[in-house]
Amino acid sequence: MVALVLLCATACTSTPTSAGKVTLGFSAWPGWFPWQVAQEQDLFRRNGLDVELKYFDSYTDSLNALSSGAIDANSQTLNDTLASVSGGAQQTIILVNDNSTGNDQVIAREGISGIADLKGKKVAVEQGTVDHYLLLLALTEAGLSQKDIELVPLATDAAAAAFVAGKVDAVGAFAPFTTTALQRAGSRAIATSAEFPGAIPDHLVVSRALAKDRPEAAQALVNTWFDTLDWIKENNGQAIEIMAKRGGVSVGDYRSYDAGTTIFTLRQNIDAFTPGVTPTHLNHQAGLIADFMVSTGLTPNRPSLDGLFDDRFVKAVQK
């Protein structure tokens, strides 16, 4: 990562309240654990921001919290943001944290060698969230649909536990819950996000009110993110310990997630926000996801992409 500074020359000396207070939500995903590092290393305050960092054991609860206005910002996927927007939520994506490149997985018991073998089987997944989306993508590619399986809707931690207990044949889960699921003897991943490049980008999402009325706070969040990545690069061992502890896994397990979560650089952020026609461009990927969500019944209405992306904050960060 590269060292980054603010365009504003006073950023590093601003007071903790210069950008006000923000409640920021995050949950169990390797691409979001750097927020824990930012808090423990006091990097929010250094960017003039008073942050209440709120960890959600349930990812769905974090989505609901942002949609209801209980928090100002949240760490969530593109597809889940689109689902919230389709339901009337006013949200704006201001940063790409990462792309899932293998850490979202469909894991099956021994004897199931591929997605096609899931026909008629019990599959646990947190309904309506990103791993449900991954499951549907994989089923579609295999010529199947959700009607061909017995979907068991459970929160991701409970879904992984149910799979280990032998109550279901397969599970859709994301790291670190994949580590739990793979404890079942003979289990293996039969589909991962690595097979669907660009399909699962993860973001910092804020209420549109925050982006519009408090742009200095949104900018401070984005600046803190890149400062945190720089700190992690320079203090990798300590950072991994912090993130592994937050994830409830060993340092070794956490390091195994590296390839499956590709953290975006500033340049990759700017490129992703730039309109284009490939999976690396957010506008294109959002269109594909929106169409897929409607066609598979994840949402009855195609979400509007108007105002969904705001690239001014990543563009205001300098090397």
*Asks:* Is a side-chain N or O of Thr179 found less than 3.5 angstrom from the main chain of Ala175, in a donor-acceptor match?
*Replies:* no
*Asks:* Identify the two heavy atoms, one from Ala173 and one from Thr178, that lie closest to each other, and give their separation to 0.1 Å.
*Replies:* O-CG2, 3.5 Å
*Asks:* May I ask you to establish whether Arg184 and Phe163 are in a cation-pi arrangement, using a distance under 6.0 Å from NZ or CZ to the six-membered ring centre and at most 45° from the ring axis?
*Replies:* yes
*Asks:* State plainly whether one hydrophobic cluster holds both Leu182 and Tyr257, where clusters connect Ile, Leu, Val, Met, Phe, Trp and Tyr through side-chain heavy atoms under 4.5 angstrom apart.
*Replies:* no
*Asks:* Are Thr280 and Asp271 side-chain neighbours, meaning at least one heavy-atom pair lies under 4.5 Å?
*Replies:* no
*Asks:* How about Leu78 and Gln285: do any of their side-chain heavy atoms sit closer than 4.5 Å?
*Replies:* yes
*Asks:* Please walk me through it: do Phe26 and Gln36 pass side chain to side chain contact (heavy atoms under 4.5 Å, CB included)?
*Replies:* CA-CA 9 Å; Phe26 75 124; Gln36 186 69 34; 3.4 Å; yes
*Asks:* Within the side chain of Glu195, is there an N or O that forms a donor-acceptor pair under 3.5 Å with the backbone of Thr192?
*Replies:* yes
*Asks:* Look only at the side chain of Asp98 and the backbone of Phe264, and say whether a donor-acceptor pair between them is shorter than 3.5 Å.
*Replies:* no
*Asks:* For the OH atom of Tyr133 and the OG1 atom of Thr77, what is their distance to the nearest 0.5 Å?
*Replies:* 9.5 Å
*Asks:* Short question: side chain of Asp61, backbone of Asp57 - any donor-acceptor pair under 3.5 Å?
*Replies:* no
*Asks:* Is it true that a side-chain atom of Asp253 and a backbone atom of Val249 form a donor plus acceptor pair closer than 3.5 Å?
*Replies:* no
*Asks:* Do Asp291 and Arg302 meet the salt-bridge criterion of a basic N to acidic O distance under 4.0 Å?
*Replies:* yes
*Asks:* Quick one: do Val171 and Ile200 end up in the same hydrophobic cluster if we chain Ile, Leu, Val, Met, Phe, Trp and Tyr together by side-chain heavy atoms under 4.5 Å apart?
*Replies:* no
*Asks:* Among side-chain atoms of Asn103 and Thr261, is any donor-acceptor pair under 3.5 angstrom?
*Replies:* yes
*Asks:* Any non-hydrogen side-chain atom of Thr92 less than 4.5 Å from a side-chain atom of Phe309?
*Replies:* no
*Asks:* Check for me, please, whether Leu137 and Met293 land in the same ILVMFWY cluster - side-chain distances under 4.5 Å, paths through other members count.
*Replies:* yes
*Asks:* Taking only residues two or more places apart in sequence or in another chain, which ones pass side chain to side chain donor-acceptor pair (under 3.5 Å) with Asp148?
*Replies:* none
*Asks:* Measuring only between side-chain heavy atoms, which start at C-beta, is Leu49 closer than 4.5 Å to Asn223?
*Replies:* no
*Asks:* Quick check against the 3.5 Å criterion: does Asp310 have a side-chain atom that pairs as donor or acceptor with the backbone of Arg312?
*Replies:* yes
*Asks:* Give, for atom CG of Leu229 and atom CD of Glu234, the distance between the pair rounded to the nearest 0.5 Å.
*Replies:* 11.5 Å
*Asks:* With heavy-atom distances below 4.5 Å as the criterion, would you say the side chains of Met243 and Pro34 are in contact?
*Replies:* yes
*Asks:* Considering non-hydrogen atoms only, spot the tightest contact between Leu305 and Gly287 and give its length.
*Replies:* CD1-N, 4.1 Å
*Asks:* I need the Ser27 OG to Asn74 CG distance, nearest 0.5 Å.
*Replies:* 6.5 Å
*Asks:* Please state whether the rings of Tyr254 and Phe33 are parallel, tilted or perpendicular, taking 30° and 60° as the class boundaries.
*Replies:* tilted
*Asks:* Filter on side-chain hydrogen bond (donor to acceptor under 3.5 Å, both in side chains), then keep only pairs touching residues 235-246, sequence neighbours left out; what's left?
*Replies:* Asn236-Arg255
*Asks:* Would you say the side-chain atoms of Asp202 and Asn99 include a donor-acceptor pair closer than 3.5 Å?
*Replies:* no
*Asks:* Would you say the side-chain atoms of Arg188 pair up with the backbone N or O of Ile107, donor to acceptor, closer than 3.5 Å?
*Replies:* no
*Asks:* Any chance the side chains of Tyr55 and Ser62 put a donor and an acceptor closer than 3.5 Å?
*Replies:* no
*Asks:* So, is the end of the Lys315 side chain (NZ or CZ) under 6.0 Å from the ring centre of Phe313 and within 45° of the ring's axis?
*Replies:* no
*Asks:* Taking atom types as modelled, is there a side-chain donor on Asn64 or Ser68 under 3.5 Å from an acceptor on the other?
*Replies:* no
*Asks:* Give the C-alpha distance, both sets of side-chain angles, the deciding distance and a yes or no for side chain to side chain contact (heavy atoms under 4.5 Å, CB included) between Val314 and Leu266.
*Replies:* CA-CA 7 Å; Val314 293; Leu266 178 59; 4.3 Å; yes
*Asks:* With side chains defined as the heavy atoms from C-beta onward, is the minimum distance between Val123 and Glu150 less than 4.5 Å?
*Replies:* no
*Asks:* State, without any angle test, whether Tyr59 and Asp80 hold a side-chain donor-acceptor pair at a distance under 3.5 Å.
*Replies:* yes
*Asks:* Is there a donor-acceptor pair under 3.5 Å between the side chain of Ser193 and the backbone N or O of Gly102?
*Replies:* yes
*Asks:* Between CD1 of Ile232 and CD1 of Ile242, what distance do you get to the nearest 0.5 Å?
*Replies:* 8.5 Å
*Asks:* Do you know which two heavy atoms are closest between Leu82 and Ala286, and how far apart they sit?
*Replies:* CD1-O, 3.7 Å
*Asks:* Please check if the side chain of Asp117 supplies one atom and the backbone of Gly111 the other of a donor-acceptor pair under 3.5 Å.
*Replies:* no
*Asks:* With the 4.5 Å side-chain cut-off for hydrophobic clustering, are Val222 and Ile270 part of the same group?
*Replies:* yes
*Asks:* Measure the shortest side-chain to side-chain distance between Arg46 and Asp227 over non-hydrogen atoms and say whether it is less than 4.5 angstrom.
*Replies:* no
*Asks:* I need the Trp32 CH2 to Ile263 CD1 distance, nearest 0.5 Å.
*Replies:* 11.0 Å
*Asks:* Ignoring hydrogens, what is the shortest heavy-atom contact between Leu221 and Leu24? Give both atom names and the distance.
*Replies:* CD2-CD2, 4.2 Å
*Asks:* Any side-chain heavy atom of Arg45 within less than 4.5 Å of one from Asp50?
*Replies:* no
*Asks:* Answer with yes or no whether the side chains of Gln76 and Thr81 bring together a donor and an acceptor at under 3.5 Å.
*Replies:* yes
*Asks:* Check Lys122, Arg109, Lys121 against Asp169 for a salt bridge (charged side-chain N to carboxylate O under 4.0 Å, His left out) and give me the one that passes.
*Replies:* Arg109
*Asks:* List the atom of Asp72, the atom of Leu210, and the distance in Å for their closest heavy-atom pair.
*Replies:* O-CD2, 4.1 Å
*Asks:* Evaluate side chain to side chain contact (heavy atoms under 4.5 Å, CB included) for Trp29 paired with Asp104, printing each intermediate quantity in order.
*Replies:* CA-CA 10 Å; Trp29 173 250; Asp104 287 276; 3.3 Å; yes
*Asks:* Got a donor-acceptor contact below 3.5 angstrom from the Glu126 side chain to the Leu154 backbone?
*Replies:* no
*Asks:* State, to 0.1 Å, how close Val294 and Asn301 come at their nearest heavy-atom pair, and which atoms those are.
*Replies:* CG2-C, 3.9 Å
*Asks:* Could you tell me whether the side chains of Thr129 and His132 share a donor-acceptor contact shorter than 3.5 Å?
*Replies:* no
*Asks:* Group every Ile, Leu, Val, Met, Phe, Trp and Tyr by side-chain heavy-atom contacts under 4.5 Å, then state whether Val152 and Leu136 land in the same group.
*Replies:* no
*Asks:* With rounding to the nearest 0.5 angstrom, report the CD1 to NZ distance, Ile112 to Lys119.
*Replies:* 14.5 Å
